[in-house]
There are 4 protein chains.
Amino acid sequence: MGERGRPKGASGEESRALLLEIAAKEFAQNGYHDTKVSSIVKAASLSQPTFYLYFKNKDAIFEELENLFRLRMIDFAKKSRLQPALEQATVKERIIYNVKELLVFFSKNPNLTRIGFYLSTKADEIKAQMVKQIKENLDFEVDAGYFRKNLDTQTVAECLIGIIERLTFIQLLPQKKQPQEIATDIVDLLIEGMLNREK
Amino acid sequence: MGERGRPKGASGEESRALLLEIAAKEFAQNGYHDTKVSSIVKAASLSQPTFYLYFKNKDAIFEELENLFRLRMIDFAKKSRLQPALEQATVKERIIYNVKELLVFFSKNPNLTRIGFYLSTKADEIKAQMVKQIKENLDFEVDAGYFRKNLDTQTVAECLIGIIERLTFIQLLPQKKQPQEIATDIVDLLIEGMLNREK
Amino acid sequence: MGERGRPKGASGEESRALLLEIAAKEFAQNGYHDTKVSSIVKAASLSQPTFYLYFKNKDAIFEELENLFRLRMIDFAKKSRLQPALEQATVKERIIYNVKELLVFFSKNPNLTRIGFYLSTKADEIKAQMVKQIKENLDFEVDAGYFRKNLDTQTVAECLIGIIERLTFIQLLPQKKQPQEIATDIVDLLIEGMLNREK
Amino acid sequence: MGERGRPKGASGEESRALLLEIAAKEFAQNGYHDTKVSSIVKAASLSQPTFYLYFKNKDAIFEELENLFRLRMIDFAKKSRLQPALEQATVKERIIYNVKELLVFFSKNPNLTRIGFYLSTKADEIKAQMVKQIKENLDFEVDAGYFRKNLDTQTVAECLIGIIERLTFIQLLPQKKQPQEIATDIVDLLIEGMLNREK
DNA sequence: AATGAATGAGACTTCATTCAT
DNA sequence: TATGAATGAAGTCTCATTCAT
């Protein structure tokens, strides 16, 4: 994306950002162990010592990417909460909207997503956090009488995350479906269920 | 197999099986790269050359475990199909039963499950296979009028796998819930949906 | 010193001892930093991984040599104390004997001596220990009236160690003088002083 | 030299002197290898290229410090010889004075002393030079009948250097004793000996 | 059936040093 | 006078794998 063949004395920040970007790609593609510092720097047309100019070690750059993902997820969560902009929309529409926004973020940051959602040892933690928040929202809807009282919201939240994870990797990142479509699919299924209620 | 009480150095098959079992545990616990051949053989009280007596290399033992999982999954699939024992049961009960059986298998083989369902590069393939089969079953139920006609069975199957995966790692393997309970939760949610239909 | 060209499958202990011996020589000759693991193993006709088979890391082998020196010094100290074999000898003769024995040990272990007495960061500690013991002996002789009452035994002990150190590196290890001769020189000087008392 | 209050970037000489001073401290504290060019310049608030503006390489700055020590020692030697100011003093007093002056120099230049007397590969050479000169002085005193004829002046000189070295590092630099005190201790011991000559 | 001993290959990391401005 | 950016060279260490018995 950046202009190929940076000038020799590029700004340090540029080199750093480049390394970060390439590392994200490599980690996402090959995992932590099969991503070598040597291959990162080669892809960046830099030397190994340069890598250590900007990152303490291989672990550190990975952690930085993990954190980047986590922070963006937190931002995302905040934004979600602050967005009663769809006041008049139905509950379903709002949920679809939120899921869609999450998927949009994932599709815009596929490498980071793969790292933070799959490779990171902290992935479980991050997902647990998301589950917690979803559950809180669901509890609210249950109280409001929108969802049935006997719903195990904790489990529903876990299921939602499981679904999002799978569809992200199987449909979204390979660009087989759009965020909107996937979000609709998911929410529709979970809310309506599968039963044929005609007649 | 037969424990003929060999005085020393157990039969070759025994050593092999021991290595396989220990490797499964280590891989499941630490992942592929952080599982060292040296630690496997140490845990088995054997030497490194012995390892290579039974397995071509580290990759080979991992693949063998992957295949073990896959074969057992195929066995499982067959058994499922051959089991019209619940003929009279409702569709929902049958589905719950099948999911439960799968979870029982997972909970009895936690290491293999972690390997085949999470660590293996072939995990996607295996899951895809499962999705395919689930979809076929669902299509049948839709035709039978049990599920609504406009159901995207492919996506439902994907969702089901995503849910199973998550609940397996988050509830089943940590032994927070029993297979039956989890299966019921899942199927109930997917079939009934979340809506409060009272009025 | 060992037979050149050990057989391939040498006993592990032999390889270990060989590495230790060669390392001692290299450290003594070139210091810690200028001694490379690669040069140690090359001199031992072994490969680098073999080094790590027997020693945790470069530091560890150096520490082992330090400790070897320290332990031998402690042995030496014990032996010195347990040796009233020279009962009838004069105080001066006994001191000469002890210094000589120390120098004999040094001359038999030149590499270890250079390491433990010069290169080691623990050298100061070891010397301090020796000073302490010498001081105790001197205090005893002073009480016995052999040495003058106003002698600062602590400082004398420090001086003795300083002298021993210098003469060890300047005369003993380069084999310019024998232990007996050096010991006599030192003790004679310190006890008699330099003054011309004739007249 | 002149502090003309240059607004920014001090005069070259100042930077050079600063580097030299800091390097001395770091070398003295951490030894040659554990002193990094990077840490020297950081302590001087300068950049690495600036270091190479003033010194050919790391070795060069170390050598310069070695030489500084050597030159000052030579100055010191000259001053000693040119100082018959104590004409009427006894031989002992004169020797004490000289030793004290040396120690004063050491205590005023602790870093340089540690470098030139301990770390430098030329330390042996420097000490040998000092020994030579001390020996010449001693020979003179022997001829003058002040010291006993059978004195091995070469060895006495070696001993004196050994003692000075040890007491410098153990008492002087840690500021446990003053130059005067140490000088008196040393000379008194060497001249008078340890014997109790009362009767 | 088993292993004590050893190693090729390669990863990560550091440091003195230089280029271009 | 000074430096931001970069690197060649080299060292330590690890790991899967094999040799010879």
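The chains referred to below are lettered A, B, ... by the order of the sequence lines, with proteins before strands, and numbering in each begins at 1. We use all heavy atoms of the structure for the numbers below, so side chains are in, but hydrogens, waters and symmetry mates are not.
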message = Parallel, tilted or perpendicular: which one describes the rings of Phe117(D) and Phe106(D), with boundaries at 30° and 60°?
response = tilted
query = Can you say whether the rings of Phe27(C) and Phe62(C) are parallel (under 30°), tilted (30 to 60°) or perpendicular (over 60°)?
reply = perpendicular
Whole-Å gap separating [atom2] ([N]) and [atom1] ([X]):
X	N	atom1	atom2	answer
Phe55(C)	dT12(F)	CZ	P	15 Å
Asp34(C)	dA16(E)	CG	P	13 Å
Asn30(A)	dA11(E)	CG	C1'	15 Å
Lys42(B)	dG4(E)	NZ	C1'	15 Å
Arg16(A)	dG4(F)	CZ	C1'	16 Å
Phe62(D)	dA16(E)	CZ	P	14 Å
Leu46(D)	dG4(F)	CG	C1'	14 Å
Leu18(A)	dA5(F)	CG	C1'	14 Å

Who are the side-chain hydrogen bond (donor to acceptor under 3.5 Å, both in side chains) partners of [X], not counting sequence neighbours?
X	result
Asp75(D)	none
Tyr52(B)	none
Thr35(D)	none

ask   = If you check every side-chain atom of Ser47(D), which of dT3(E), dA2(F), dA6(E) has the closest atom?
value = dA2(F)
ask   = To the side chain of Tyr54(C), which of dA2(F), dT3(E), dA6(E) is closest?
value = dA6(E)
Between protein and nucleic acid, restricted to nucleotides 13-15 of chain F and to nitrogen or oxygen atoms under 3.5 Å apart, what atom pairs and distances do you find?
| unit_1 | atom_1 | unit_2 | atom_2 | d |
| --- | --- | --- | --- | --- |
| dC13(F) | OP2 | Tyr52(C) | OH | 2.8 |
| dC13(F) | OP2 | Lys58(C) | N | 3.1 |
| dC15(F) | OP1 | Lys36(B) | NZ | 2.9 |

query = Counting only side-chain N and O atoms of Ser15(B), is one of them less than 4.0 Å from OP1 or OP2 of dA1(E)?
reply =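 Checking dA1(E) against Ser15(B), no side-chain N or O comes under 4.0 Å of OP1 or OP2.
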query = Looking only at side-chain N and O atoms, does Thr50(D) come under 4.0 Å of OP1 or OP2 in dT1(F)?
reply = no
request  = Only counting residues at least two apart or in another chain, list the ones meeting ring-ring contact (aromatic ring centres under 6.0 Å, His included) with Phe55(D).
outcome  = Phe51(D)
message = Check whether Asn57(B) reaches the backbone of Ala60(B) with its side chain - one donor and one acceptor, N or O, closer than 3.5 Å.
response =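 Side chain of Asn57(B) to backbone of Ala60(B): a pair is present.
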task = Please check if the side chain of Lys58(C) supplies one atom and the backbone of Tyr32(C) the other of a donor-acceptor pair under 3.5 Å.
result = yes
Contiguous pairing runs of three or more, Watson-Crick or G-U under 3.5 Å, that involve DNA chain F = E:2-21 with F:2-21
inquiry  = Check for me whether Arg114(C) meets the cation-pi criterion with Phe169(C), that is, NZ or CZ under 6.0 Å from the six-membered ring centre and within 45 degrees of the ring axis.
reply    =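 Output yes; distance and angle both within limits.
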